[in-house]
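Take a look at the structure below.
Quick caveat, the model's predicted, so the values are computed rather than measured. Below, all heavy atoms of this structure are taken into account, side chains as well, without hydrogens, waters or symmetry copies.
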Amino acid sequence: MTKVKVFLSFEFERDQGHYRRFFAEVAHGDSCHDIEDYSLNEPYKLHDNKWLKKAHEQISRSDIVIVVIGEDTHNAPGVKKEVTITNQKPRPIFQIRPKDSTGGAVSGAGDEIPWKWKKIDAKISKCLKK
């Protein structure tokens, strides 16, 4: 089983359930990868240099960044900052869409795939090969 450090980007105020579900499914064995959580998991505050530094550090330590598309994630300033940092590093990045989400994709966050573990695992494997 390949160990993968994942930074999960999500709208902190509205999508914590998606964050918890993602890592609960990982713990349950839904993924064929050994996924470690490198997410920041704290809200972004405007002009918060401490938050930005932590985001840079965590994304730098990650192998892959995955953006969860919630209802308003595409407008979340923290997610936009995380995507910008990811593209500066650069790190592989892609988006997953929960079945019930109708929100817009996040600009600059790579391919969008449905939240299905076979597809997520395949995308992670593809990203690791690059």
Side-chain angles (χ1 to χ4, degrees):
M1 197 181 276
T2 307
K3 190 170 277 200
V4 185
K5 296 176 258 182
V6 170
F7 183 100
L8 195 68
S9 179
F10 60 99
E11 185 183 12
F12 188 82
E13 300 299 326
R14 296 176 69 182
D15 293 330
Q16 290 229 0
H18 292 311
Y19 167 83
R20 287 190 298 275
R21 176 179 159 212
F22 182 89
F23 286 103
E25 289 176 3
V26 166
H28 184 259
D30 289 356
S31 177
C32 69
H33 295 93
D34 181 10
I35 295 177
E36 293 183 43
D37 183 5
Y38 275 66
S39 309
L40 190 54
N41 204 7
E42 61 183 73
Y44 170 71
K45 296 176 188 103
L46 195 61
H47 308 298
D48 184 348
N49 289 329
K50 190 174 173 183
W51 183 94
L52 284 171
K53 183 179 182 208
K54 285 183 189 177
H56 274 278
E57 289 170 358
Q58 290 301 98
I59 291 169
S60 292
R61 295 174 58 209
S62 301
D63 297 316
I64 295 172
V65 173
I66 300 174
V67 178
V68 178
I69 302 171
E71 293 307 309
D72 200 38
T73 307
H74 62 289
N75 290 319
V79 172
K80 289 179 181 181
K81 295 274 187 199
E82 291 164 350
V83 169
T84 297
I85 293 166
T86 301
N87 288 319
Q88 290 169 349
K89 293 296 173 199
R91 289 287 178 273
I93 185 170
F94 65 93
Q95 305 176 68
I96 58 175
R97 179 179 294 280
K99 184 179 178 181
D100 60 346
S101 175
T102 59
V106 179
S107 178
D111 296 337
E112 177 188 324
I113 63 171
W115 186 318
K116 295 183 181 189
W117 277 101
K118 285 186 180 184
K119 292 182 183 277
I120 295 170
D121 282 333
K123 186 66 174 176
I124 290 172
S125 294
K126 185 177 178 182
C127 288
L128 293 175
K129 289 180 183 175
K130 290 184 180 182

(Q) Looking at V106, is its backbone amide N or carbonyl O close enough to the side chain of Q95 to form a donor-acceptor pair, meaning the two atoms are under 3.5 Å apart? (A) yes
Q: Can you spot which of V67, I64, V65 makes a side chain to side chain contact (heavy atoms under 4.5 Å, CB included) with F94?
A: I64
Q | salt bridge (Lys or Arg N to Asp or Glu O under 4.0 Å) contacts in which one or both residues fall within residues 98-113, not counting sequence neighbours | A | R97-E112, D111-K123
Q) Is there a donor-acceptor pair closer than 3.5 Å between any side-chain N or O of N87 and the backbone N or O of G108? A) yes
Q) Would you call E25 and R21 a salt bridge, using N to O less than 4.0 angstrom? A) yes
Q: I would like to know whether K89 and I85 meet side chain to side chain contact (heavy atoms under 4.5 Å, CB included); could you show each step before the answer?
A: CA-CA 6 Å; K89 293 296 173 199; I85 293 166; 3.9 Å; yes
**Q.** Partner residues of Y44 under the ring-ring contact (aromatic ring centres under 6.0 Å, His included) criterion, sequence neighbours left out
**A.** W51
Q: Evaluate the ring planes of W115 and F22, with Trp represented by its six-membered ring, and classify them as parallel (under 30°), tilted (30 to 60°) or perpendicular (over 60°).
A: perpendicular
**Q.** Heavy-atom closest contact (E11 atom, T73 atom, distance)
**A.** OE1-N, 3.9 Å
Q) Where is the tightest heavy-atom contact between L40 and K54, given as atom of each residue plus distance? A) CD1-CB, 3.5 Å
**Q.** Trace of the side chain to side chain donor-acceptor pair (under 3.5 Å) decision for D37 with Y19
**A.** CA-CA 10 Å; D37 183 5; Y19 167 83; 2.3 Å; yes
Q) Would you say the side-chain atoms of R91 pair up with the backbone N or O of S62, donor to acceptor, closer than 3.5 Å? A) yes
Q. Side chain of S39, backbone of N41: donor and acceptor closer than 3.5 Å?
A. no
Q: Identify, with sequence neighbours excluded, every residue that meets side-chain hydrogen bond (donor to acceptor under 3.5 Å, both in side chains) alongside D30.
A: H28
